[in-house]
There are 2 protein chains.
Amino acid sequence: MVDDDVAALAETFRLLGDPNRLRIVLSCLDGPVGVGALADRVGLSQSLVSHHLRLLRATRLLKAGKAGRQVFYSLPDCHVRDMLTNLIDHMTEPHDHGTDAENDDDGRDDGEVRLR
Amino acid sequence: MVDDDVAALAETFRLLGDPNRLRIVLSCLDGPVGVGALADRVGLSQSLVSHHLRLLRATRLLKAGKAGRQVFYSLPDCHVRDMLTNLIDHMTEPHDHGTDAENDDDGRDDGEVRLR
DNA sequence: CGCATATATGAAGACGTGTTCATATGTGGT
DNA sequence: ACCACATATGAACACGTCTTCATATATGCG
């Protein structure tokens, strides 16, 4: 995987890393939503939503469709939806210590932050 | 989905949104890697890698296992890997614009009409 | 026990970015 | 045409955070 692909991938992740932007994407899971309705649902100003939508569109995390003077946004393909559900699964998953080749001798392998 | 879950989800995405951190995670795809080896592979200082690893550990994007005086990092479960492959698939997927030849790196309005 | 190795932590600065306000563009109705 | 509505854009600021440098902690070896 080339350096440039990693950057693009990171950029996509970065966009989803903002809570407001993520809420915008999640609000589009049910189907196409207009910009005004989006602003209402996530409780943000129309301007801010539009700014975010521009970025989400650029990375193709959302696609836009016009109908009259309204613009509806929705998910472009199933990968985005699958990825979201995957990460949600990951977070709701209970601590599972699965297959780790390297095991420490004292048996405490949890990634908890140690304070002195 | 509650507000707090969205924040946690966004935080996880945010961590993957940094190219260096993403490279660190990707470098762990093949199996457990020590911190020093990671720093070498991604070309970052040991200190910086450690800083990033702390965050990745906290969100359980990576898990740590000690072996002697070395600490090996690896993916905690398959969801992280699946999510990565999903988004990679999304990016490598051809854009469904048919014969449209607009430039793509600019967030321009694509004018596609798609209603529910 | 000291010393070298391996990783973690703390503080500070440079940089990016999310947000707001104001304004522009586009679209339909009367 | 004008006006009301819907969305997009631009500039500026406040804020976070990625990075570096220095140092601390932990572990194994002779």
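These numbers come from a predicted model, not from an experiment. In the text below, chain A, chain B and the rest are named by the order of the sequence lines, each starting its count at 1.
- Nearest nucleotide to the B:R54 side chain, out of C:dT20, C:dG10, D:dG10: C:dG10.
- Considering every non-hydrogen atom in both A:D77 and A:V80, the closest pair reads OD1-N, 3.5 Å.
- A donor-acceptor contact shorter than 3.5 Å is absent between the side chain of B:R21 and the backbone of B:H52.
- Residues from residues 2-19 of chain B lying near DNA chain D, meaning a heavy-atom separation below 4.0 Å, are B:R14, B:D18 in numerical order.
- A pairwise comparison of heavy atoms in A:L62 and A:L75 identifies CD2-CD2, 3.5 Å as the closest pair.
- Taking 4.0 angstrom as the limit, B:Y73 places none of its side-chain polar atoms (N or O) nearer than this to OP1 or OP2 of C:dA6.
- Distance B:L56 CG to C:dT7 P: 16 Å, rounded to the nearest Å.
- At the phosphate of C:dG18, neither OP1 nor OP2 sits under 4.0 Å from any side-chain N or O atom of A:N20.
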Please table the atom pairs, donor to acceptor, closer than 3.5 Å between any side-chain atom in residues 24-37 of chain B and protein atoms at least two apart or in another chain.
residue : atom : partner : partner atom : Å
B:S27   : OG   : B:R23   : O            : 2.8
B:D30   : OD2  : B:R41   : NH2          : 3.3

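- The CD1-P distance, from A:I24 to D:dA8, rounds to 11 Å in whole Å.
- Atom CZ in B:R54 sits 12.0 Å away from atom CG in B:L56 (nearest 0.5 Å).
- Rounded to whole angstrom, the span from the CG atom of B:L53 across to the P atom of C:dT7 amounts to 10 Å.
- In this entry the distance linking CZ of B:F72 with P of D:dT27 reads 15 Å, nearest Å.
- Nearest-nucleotide positions on DNA chain C for B:Q70 and A:S45 put B:Q70 closer to the 5' end.
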- Query: Taking protein heavy atoms under 4.0 Å as touching, what does nucleotides 21-30 of chain C look like 5' to 3' if B marks base contact, S marks sugar-phosphate-only contact and - marks none?
  - Reply: BB----BS--
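- Of the candidate nucleotides D:dA8, C:dT7, D:dT19, C:dT7 has the atom nearest to the side chain of B:S50.
- Between the side chain of B:S50 and the backbone N or O of B:S47, no donor-acceptor pair lies under 3.5 Å.
- For B:L44 and C:dT7, the CG to P distance is 15 Å, given to the nearest whole Å.
- Atoms OG1 and CZ, from B:T59 and B:F13 in turn, are 12.0 Å apart once rounded to the nearest 0.5 Å.
- Residues A:L38 and A:V49 come closest through the heavy atom pair CB-CG1, 4.2 Å.
- Distance, B:H52 NE2 to D:dT20 P: 9 Å, rounded to whole Å.
- Residue B:R57 places at least one side-chain N or O under 4.0 Å from the OP1 or OP2 atom of C:dA8.
- Side-chain atoms of A:H90 never come within 3.5 Å of backbone atoms of B:P76 as a donor-acceptor pair (strictly under, hydrogens ignored).
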